[in-house]
Amino acid sequence: VSDVRTPIATEGSFRIAGWGVAALLTAWVLGASAQSLPTADDLPDWSGAWTRSTGLFYESTPEQALEPPPADSPRRRPPYTPKFEAIYEQNLALIGADRFPDPISICGTPAGWPRMLALPDAYEFVIRPEQTWLLSENGPNTVRIYTDGRTHPAPEDLWPTYTGNNVGHWEKDELVFRSIGLKGVGSTILGRNGLVMSDKLETTTRIRLIAPDRLLVSVVLTDPEALTRPWPVAFTYTRLPPGSTVYDYACAENNRNPVTSDGRTLTLDRSGEVIDKLE
Amino acid sequence: MSSRDLIVHYSTVGVAVALIVGAAPRAAVAHHSTAMFEAEKRVTLIGTITDFQWTNPHAWIQVAVSGADGKSADWSFECGSPNTLSRQGWKPSTLKPGDPVTIVANLMKDGTNAGLMYTVTLADRRVLGPGAQTVAPSSAPARATVPVR
């Protein structure tokens, strides 16, 4: 890592500061949105295709994003409220029984925000002065971040969507944005590890290059229903060689793993017949 | 061998022999649960390619494997997406019907003739798959070539 100028918030610091920090972050993001637009020449070079180089949500602390831990290091749990700790425990039991439903197993369903940060395959980060698009090859996922000075819609004009409503601004070469209006448990998950958030989830995200071909995405999740305090996570992405191609991901093309209504994943043979030995 | 090791023989005619190797839970990428596969065991199967489906969300390898009774059985092996495979050095033409292959896979727990591909060894001894150390020149660092969720 060649550039670590801005300290990343750690889980420990949020444990102390708690929701007060989240409120300040939110006010900061909203307040800064009125500043003038950068020109295209002011923006950093995030061109090309990228691939994720860090792990899953519960193994992606800000520190781990910069110094990945050994593969056998213990996974951490989010600071869940009792209600969501119980949901998480239920999900772990479902995982053990192969009955934890993954929404993206239904072809065409987006992973949504912020899960789309933790997918396989390639990513693209397309930036323009007024808008940035985060694209995942393993889709469909297009996260649109508006940096044209707008604010979030009024509550009556906002409804939950997979990728939410994202408004932000540029601080020199760092994109900062707030995401609201997200679908929660029952529609999206953070991963097949059983982690979920509520539809009260809000995130504050900062994205910047920390080396010429390494991008750091730091996200603070706040969720008064699911979390007892803000939960910081971070991911890094490595730029693929120049000329790398990003392809279709048409999940319905030959999906030989349909999911039953009770969450069981089946396997089909090449003629489309179920080959599992169902009990 | 460790306590997790296992040897399975699928044939007495030398066509298909299975051998467990050390296993790890991150065998491949899937858009669905991989709970149907034996995460802790991998088996080696020898057979002949009958079809290679270069499709999303997963490529599939169909292999004819001779069983202990001498009869050929159709096996299905799930791979990553063509997008992932292409960055690991695969091409749609990598496998053709009639090609002899050796496949290491995490098989399905219920005994179905299917599994999650870990490596494929071709006739020319090239080894491909998430378990191979072969990384395409255009690929990202090693950790990113076996992405997980």
Side-chain angles (χ1 to χ4, degrees), chain A residues 49-57 68 71 95-102 104-105 107 111 115 118-122 137-138 191-193 237-259 263-270 275-279, chain B residues 24-26 28-37 39 50-63 73-88 107-116 130 135-149:
Chain A
W50 301 72
T51 188
R52 179 169 56 92
S53 42
T54 42
L56 303 175
F57 266 89
I95 291 169
D98 190 19
R99 292 294 188 276
F100 181 59
D102 186 339
I104 66 169
S105 294
C107 291
R115 185 188 182 186
L119 297 176
D121 302 325
E137 181 181 56
N138 191 301
R192 208 170 294 133
N193 42 42
Y237 302 82
T238 303
R239 189 161 8 212
L240 294 170
S244 294
T245 300
V246 178
Y247 298 95
D248 281 349
Y249 180 77
C251 175
E253 181 182 20
N254 181 31
N255 181 19
R256 289 175 56 175
N257 296 102
V259 179
R264 174 171 179 162
T265 301
L266 301 175
T267 302
L268 309 182
D269 67 12
R270 55 179 148 174
I275 57 176
D276 304 78
K277 294 179 173 63
L278 303 175
E279 64 272 5
Chain B
R26 295 173 181 177
V29 178
H31 80 295
H32 57 81
S33 165
T34 53
M36 75 282 271
F37 299 115
T50 59
D51 194 10
F52 182 34
Q53 296 182 330
W54 185 259
T55 54
N56 279 301
H58 300 282
W60 285 83
I61 303 170
Q62 301 296 143
V63 183
D74 183 31
W75 282 74
S76 300
F77 295 98
E78 183 173 323
C79 311
S81 72
N83 310 349
T84 298
L85 294 178
S86 68
R87 297 188 184 102
Q88 295 173 343
L107 300 189
M108 287 182 65
K109 294 173 183 172
D110 67 0
T112 299
N113 288 354
L116 189 63
V135 178
S138 63
S139 293
R143 185 161 181 188
T145 62
V146 191
V148 295
R149 286 186 193 158

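Proteins get letters first, then strands, A, B, ... in listed order; numbering begins at 1 in each.
Residues B:Ser86 and A:Tyr247 form a side-chain contact, since some pair of their non-hydrogen atoms from C-beta on lies under 4.5 Å apart.
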(message) For A:Thr267 and B:Glu78: C-alpha separation, side-chain torsions, deciding distance, then whether side-chain contact (heavy atoms from CB on, under 4.5 Å) applies.
(response) CA-CA 10 Å; A:Thr267 302; B:Glu78 183 173 323; 5.5 Å; no
(request) Output, in order, the C-alpha distance, side-chain angles, deciding distance and verdict of side-chain contact (heavy atoms from CB on, under 4.5 Å) for B:Ser81 and A:Asn138. (result) CA-CA 9 Å; B:Ser81 72; A:Asn138 191 301; 5.9 Å; no
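Between B:Lys109 and A:Asp98 no salt bridge is recorded (no basic side-chain N to carboxylate O distance below 4.0 Å).
If you tally non-hydrogen atom pairs under 4.5 Å between each of A:Asp269, A:Val259, A:Asp276 and chain B, the highest count goes to A:Asp276.
Smallest separation of non-hydrogen atoms from B:Pro57 and A:Asn254: CD-O, 3.7 Å. Here the shortest heavy-atom pairing between B:Thr112 and A:Ile275 reads OG1-O, 3.0 Å.
Atom OG1 of A:Thr245 and atom CG of B:Asn83 lie 10.5 Å apart (nearest 0.5 Å).
In this structure, A:Arg256 is positioned above the aromatic face of B:Trp60, its NZ or CZ under 6.0 Å from the six-membered ring centre and within 45° of the axis.
One N or O on the side chain of B:Asp110 and one on the backbone of A:Lys277 form a donor-acceptor pair closer than 3.5 Å. The closest donor-acceptor contact from the side chain of A:Glu253 to the backbone of B:Asn56 lies under 3.5 Å.
Proximity to chain A is limited to the side chain of B:Met108, based on heavy atoms less than 4.5 angstrom apart. Looking at A:Ala97, there are no atoms closer than 4.5 Å to chain B (heavy atoms on both sides), in backbone or side chain.
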